[in-house]
Amino acid sequence: PEAETAAPGPGSSPAGELVPPGGREPTARPGTGLARVAGGVLPSRYAGAMLAHAYLDRIGAEAILAAALPPGLARPRYDDLGLLTATSLAFALGVSSAEGTKHLIPAQAGILAGIGRLPDPRTLRPRLAAIADHCDPLALQRQLAAAMFAADAPGLHVYYADDHFVPYEGARPVPKGWNTKRRHAQPGRADTVVTDYHGRAVCFATGDPSGLAATLPPVLAQLRQVLGTDAKIMLGFDRGGSYPVTFRAIRDAHADWVTWRRGPLAPVTAAPRRHWAAHGDGKPAEILHVADETVTIKDYGEARQITLFEGGNPVLQVLTSDLDAPAAALLAWLRCRWRIENLFKYLEDHYGIHWLCDYHASLEDDDRLIASPERKAARARLREAEAALAAAERALAGVLSSPDLSAAAKNKALPPAEKKITKARDAVTTATAALKGIPAKLPASQVTPGAQKAILRTRRRSLQMVLRLLAASAEHWLGNRLNDYLRDLNEYRAITRNLLHLGGTITCTPREITVTLDPPAAPRIARALALLIDEINAAPPRMPGDTRPITYQLAADPPI
């Protein structure tokens, strides 16, 4: 659980404030907070992470992160901008949680953001919590996404949305959701994330697990704020959101959608036609047999249905609101929806998005709608009445059709049988009327008096999510730039991650910062990195909170 106050320890004062090495009070410049690293040749085994500043400066992360810091929160011993930057770079180095920063060398990790030392987790966590409680992390992510698109356009108007379940192992009554990994329901949170066609996280929302059909409209509203009111949007998602209510919400947001059809395949009335799908990677074009037609979806209206045939038989169907795009292109775009699944796996493995970060929760009455036990009992009574009516009608039919009874015996048995049917019909009518007056669902606190649910805090975790996604976007950009020279589609992401761990020295002078990196052992990687450095040095970046330009170079001799 996150501590509200910091205990004294290395790198912290009794009040939980940053203290430089040696325990002396920092000399704070007006308006800058904790004094920045001014000069000297500083060795760092994490010098490769300084490459991330090329991306941070490209999107203007300094102005965005600084805007998230309210003036009333500033304290003279803190450099909050450097603190946020250092935390994001720590995530880029593979630290999965704020507590994991204790495994980094504080002095060598702090200089990556221009501060003297990375604070102890007992100081770092409360300060991040204070920042999160005074800002809107979702608005911060939207600003970063808008800056990301301003620097590097998304290319296509196709975006993907999906839910990511985060399990909760505590003892509080947290609502349950479906854990797709363990294949069972358990307490937790659900993050709804939107990515662009290139696999970059754009925006996210977090809340109780409730299904993509309920969580997709709010995150779509965030995407619209990022892109603007006139931007064209095609939203792709899996069967979890393939419901008319989702289709209507997307249509009301003036966007298009594409998804798989739920349930069994619908009848196909259009004749299949051949389409050529080019892969663009040197492979021959793929021939697809596709039937394209317009269908009517209940509670929504007309939509486009695309059916893929293999061996003359339909194998899958796609529904979309786009009436103009080629059928083969729509199939390819929806197949690329796996990019968001791959992103979730990558972010879990390397950026710890499955961490809750904060176990504090507030209790409130459980207002979740659950099945009413009174209605269940009323349904049982109705079924009993209907069964009694059916038995009475069968008894009357048996009397009329019995060959063993005389006419006089039948006339004598008919009135009681008809009376029994009339009584059974009255019972069915009474049970039906009683059932109509009972709501199908009721709040859980009304069904079980005193039932409560735990609401986990979201701001603190959301702020860390923003810093994680910022680091992931920086790695994504660096990886693509590096692969322009490396040309290794299979390993360039892993190579980029390892380059962030290159050692070297950081030379600070009053006018500039020079980062000298140890050359990689593989010659092809060293050549690609040298070309990437030349590209970055053409427009030297600056780290947030510092006006000195950063230039990069490779050491002449590799380390022994």
Side-chain angles (χ1 to χ4, degrees), residues 1-21 23-29 31-37 56 61-62 64-93 95-107 109-137 139-141 144 352 355-360 457-471 543-546:
E2 184 164 0
E4 294 296 336
T5 59
S12 64
S13 69
E17 299 170 341
L18 296 182
V19 175
R24 293 177 297 175
E25 289 288 296
T27 302
R29 297 190 300 271
T32 61
L34 186 67
R36 293 254 171 180
V37 176
L56 301 185
E62 174 183 352
I64 298 172
L65 294 177
L69 303 173
L73 186 65
R75 298 177 68 181
R77 295 191 181 122
Y78 282 101
D79 184 347
D80 289 329
L81 183 58
L83 201 68
L84 295 177
T85 305
T87 305
S88 183
L89 294 180
F91 290 141
L93 289 171
V95 173
S96 59
S97 66
E99 289 83 359
T101 57
K102 65 186 177 184
H103 301 299
L104 300 176
I105 301 175
I111 59 177
L112 301 178
I115 56 180
R117 105 186 243 116
L118 188 65
D120 185 87
R122 291 174 293 178
T123 299
L124 177 64
R125 282 183 60 89
R127 192 56 184 171
L128 288 176
I131 296 173
D133 291 341
H134 288 81
C135 73
D136 184 355
L140 180 63
Q141 174 62 28
L144 286 172
W355 285 75
L356 282 175
C357 302
D358 188 357
Y359 276 73
H360 285 128
R457 294 179 181 175
T458 59
R459 284 180 178 249
R460 301 181 181 184
R461 178 174 180 271
S462 295
L463 177 61
Q464 292 195 27
M465 276 284 291
V466 172
L467 300 179
R468 296 175 199 272
L469 296 181
L470 175 60
M543 71 172 60
D546 202 314

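Along the sequence shown, residues carry numbers from 1.
Partners of S96 by side-chain contact (heavy atoms from CB on, under 4.5 Å), not counting sequence neighbours, listed by chain and number: W355. In this view, A471 and S88, F91, A92, Y351 satisfy the side-chain contact (heavy atoms from CB on, under 4.5 Å) rule, not counting sequence neighbours. In this view, H134 and P70, L73 satisfy the side-chain contact (heavy atoms from CB on, under 4.5 Å) rule, not counting sequence neighbours. For R461, the salt bridge (charged side-chain N to carboxylate O under 4.0 Å, His left out) partners two or more places apart in sequence, or in a different chain, are D191. P137 pairs by the side-chain contact (heavy atoms from CB on, under 4.5 Å) definition with C135, R459, S462, L463, V466, not counting sequence neighbours.
Under a 4.0 Å N-O distance rule, the pair R460/D133 qualifies as a salt bridge.
A distance of 11.0 Å separates CG of L93 from OG1 of T101, quoted to the nearest 0.5 Å. Annotation: the span from L69 atom CG to D79 atom CG amounts to 9.5 Å, rounded to 0.5 Å. Separating the CG atom in L470 from the CG atom in L65 is a distance of 6.5 Å, to the nearest 0.5 Å. Expressed to the nearest 0.5 Å, how far CG of L124 lies from OG1 of T87 amounts to 4.5 Å. Note that OG1 of T85 and CG of L467 are 8.5 Å apart. Values are rounded to the nearest 0.5 Å.
Heavy-atom minimum distance, L81 versus P544: CD2-C, 3.9 Å. The two residues P126 and T123 have their closest heavy-atom pair at CD-O, 3.4 Å. Shown here for A68 and L140, the closest heavy-atom pair between the two residues is CB-CD1, 3.8 Å. Contact detail for L112 and M543: the closest heavy-atom pair is O-CE, 3.9 Å. Q464 and R125 get closest at one heavy-atom pair: NE2-NH1, 4.5 Å. Of all non-hydrogen atoms in A113 and L89, the two that sit nearest each other are N-CD1, 4.5 Å.
Between L128 and L84, some side-chain heavy-atom pair lies under the 4.5 Å cut-off.
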Run L56 and E62 through side chain to side chain contact (heavy atoms under 4.5 Å, CB included) and show every step you take. CA-CA 8 Å; L56 301 185; E62 174 183 352; over 6 Å; no
